[in-house]
Amino acid sequence: MYDETLPTVEQLEVDELVCWRVHTRHGELLMAQQGAQVLSYQPHGEEPVIWLSGQAAYQKGKAVRGGVPVCWPWFGDLRRNPAEIQGMHQGGPITPAHGLVRERDWTLLGIDSEGPAVRLDFALDTASEPLPGWPHAAELKLSILMDEQLRMTLSTRNTGDRPLAISQALHSYFAVSDIQGVEVEGLDDCRYIETLEDWQERRQKGSVTFRGETDRIYQETPRRMAIVDRAWNRRILLEVDGSASAVVWNPWIDKSRRLSQFAEDAWKGMLCIETARVMDDFLVLRPGEEQQMVLNISSTPL
């Protein structure tokens, strides 16, 4: 007899992309092989926790708007990264934002279940699948563990014979009721870079609230942060390890009109808090060294 408490994993094609849909007794997850990208995550009986654009395009070679894209081996504009990160790239002046792995097909290493939990493991080896303009050997892995919570572990191992400098992020889009009514706890007194005002350095006072376009790089961040959403009566808790920086982003009204795969009013229902190793928090790996960055997401009623 079929046991509805046991997890199920279904492979499917969404337009041009190979995807997996995971059902457990706790919730549902959708992820794509391209970029090893979590696309959506929704616990049963709740609004979605991970936001996916209603205008998302599932096309080969094109990053999907929303979910949790992996940004690696640099974050954002390469020219804004530390000199050590820029020096790793040797392919000319034109470089895509957020690195080179979001639009690559990763290798599925395996899908395992134990009781109510499901784990999916993906890998990308830059020695066997070289990245354009980035002639270095590294093994990148992303493990997704789904039980009562969602846990993502991004691992990088330097398989070359020289030190490797990277910046990276799990570019998480979170679903919220209305960005104007939510706040982020846990960043009080953290230094941050205000990228919208000449990259000035400032210090956070109290919780983060939103009254306009927001694009901040927080530094020396704590291991626990939370999105408080009173309209949806919930707190989304982020617990991180191996990361001491985070990017908080919402495009607001004007920028939303310029974004691809993004409705003009979509800014109201999303908020990015990106678990990262960026700016002074960039990562340097010795030959043979491996390090991990972990993001654990859960939600509780207020």
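Quick caveat, the model's predicted, so the values are computed rather than measured.
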Is Gln37 close to Met31 at the side-chain level, that is, under 4.5 Å between some pair of heavy atoms? no
Tightest non-hydrogen contact, residues Leu164 and His136, listed as CD1-CB, 3.8 Å
Would you give the length of the straight line joining atom CE of Met225 to atom OH of Tyr218, rounded to the nearest 0.5 angstrom? 11.0 Å
Enter the distance from Arg25:CZ to Thr8:OG1 here, rounded to the nearest 0.5 Å. 13.5 Å
Which atom names give the shortest non-hydrogen contact between Asn81 and Gln86, and what distance separates them? O-NE2, 2.7 Å
From the list Gln34, Glu129, Lys60, side chain to side chain contact (heavy atoms under 4.5 Å, CB included) with Asp105 holds only for Gln34
What is the distance from atom CD of Gln261 to atom OG of Ser53, rounded to the nearest 0.5 Å? 6.5 Å
Is the Tyr173 ring parallel, tilted or perpendicular to the Trp51 ring (thresholds 30°, 60°)? parallel
What's the verdict on side chain to side chain donor-acceptor pair (under 3.5 Å) for Gln200 and Arg202, showing C-alpha distance, side-chain angles and the deciding distance? CA-CA 6 Å; Gln200 296 177 17; Arg202 299 180 179 177; 3.1 Å; yes
Does the side chain to side chain donor-acceptor pair (under 3.5 Å) test come out yes or no for Asn158 and Glu289, once each step is laid out? CA-CA 6 Å; Asn158 181 359; Glu289 184 180 3; over 6 Å; no
Is Glu290 close to Leu285 at the side-chain level, that is, under 4.5 Å between some pair of heavy atoms? no
With side chain to side chain donor-acceptor pair (under 3.5 Å) as the test, would you mind laying out the steps for Ser298 and Glu148 before giving the verdict? CA-CA 8 Å; Ser298 59; Glu148 296 95 340; over 6 Å; no
Is Arg104 atom CZ crowded by more than 12 heavy atoms from other residues, nucleotides or ligands, each under 6.0 Å away? yes
Go through the side-chain N and O atoms of Glu139 and Thr156 and say whether any donor and acceptor fall under 3.5 Å apart. no
Would you find more than 12 non-hydrogen atoms of other residues, nucleotides or ligands less than 6.0 Å from Arg191 atom CZ? yes
Answer yes or no: are there more than 12 heavy-atom neighbours, outside Glu114 itself, under 6.0 Å from its atom CD? no
Please tell me whether Asp229 and Ser177 have a donor and an acceptor in their side chains that are separated by less than 3.5 angstrom. yes
Between Arg223 and Asp241, is the salt bridge (Lys or Arg N to Asp or Glu O under 4.0 Å) condition met? List the steps. CA-CA 6 Å; Arg223 295 186 63 176; Asp241 192 17; 3.6 Å; yes
As an exercise, state the distance from CG of Asn250 to CG of Asp215, rounded to the nearest 0.5 Å. 10.0 Å
So CD1 of Ile253 and NZ of Lys268: to nearest 0.5 Å the spacing works out to 7.5 Å
Thr153-Gln292 side chain donor-acceptor pair, cut-off 3.5 Å: no
Got a second to check how far Leu142's CG is from Met152's CE, nearest 0.5 Å? 7.5 Å
Closer than 4.0 angstrom, basic N to acidic O: yes or no for Asp121 and Lys141? no
Taking the six-membered ring for Trp and the full ring for Phe, Tyr or His, determine whether the centres of Trp72 and His98 are under 6.0 Å apart. no
Mind checking whether Trp267 and Trp252 have parallel, tilted or perpendicular rings, split at 30° and 60°? tilted
Could you walk me through whether Lys62 and Glu103 pass salt bridge (Lys or Arg N to Asp or Glu O under 4.0 Å), step by step? CA-CA 6 Å; Lys62 188 171 185 177; Glu103 299 165 4; over 6 Å; no
Heavy-atom pair of closest approach, residues Pro135 and Met88: CD-O, 4.0 Å
Is it true that the NZ or CZ of Arg80 lies under 6.0 Å from the centre of Trp199's six-membered ring and within 45 degrees of the ring axis? yes
Measure from NZ or CZ of Arg216 to the centre of the six-membered ring of Tyr192, then state whether that distance is under 6.0 Å and the direction lies within 45° of the axis. yes
Would you say Glu274 and Phe75 make side-chain contact, with heavy atoms under 4.5 Å? yes
Heavy-atom closest pair, residues Ser243 and Ala276: OG-O, 2.6 Å
Within a radius of less than 6.0 Å around CZ of Arg203, do more than 12 heavy atoms belonging to other residues, nucleotides or ligands occur? yes
Please determine whether side chain to side chain contact (heavy atoms under 4.5 Å, CB included) holds for the pair Arg119 and Ser143, giving the CA-CA distance in whole Å, both sets of side-chain angles, and the decisive distance to 0.1 Å. CA-CA 7 Å; Arg119 175 172 170 164; Ser143 294; 3.4 Å; yes
What residues, two or more places apart in sequence or in another chain, satisfy salt bridge (Lys or Arg N to Asp or Glu O under 4.0 Å) together with Glu239? Arg224
Indicate the atoms forming the closest heavy-atom contact of Pro116 with His26, along with that distance. CB-NE2, 4.2 Å
Applying ring-ring contact (aromatic ring centres under 6.0 Å, His included), run through Trp20 and Phe122 and close with a yes or a no. CA-CA 12 Å; Trp20 284 267; Phe122 293 85; 5.7 Å; yes
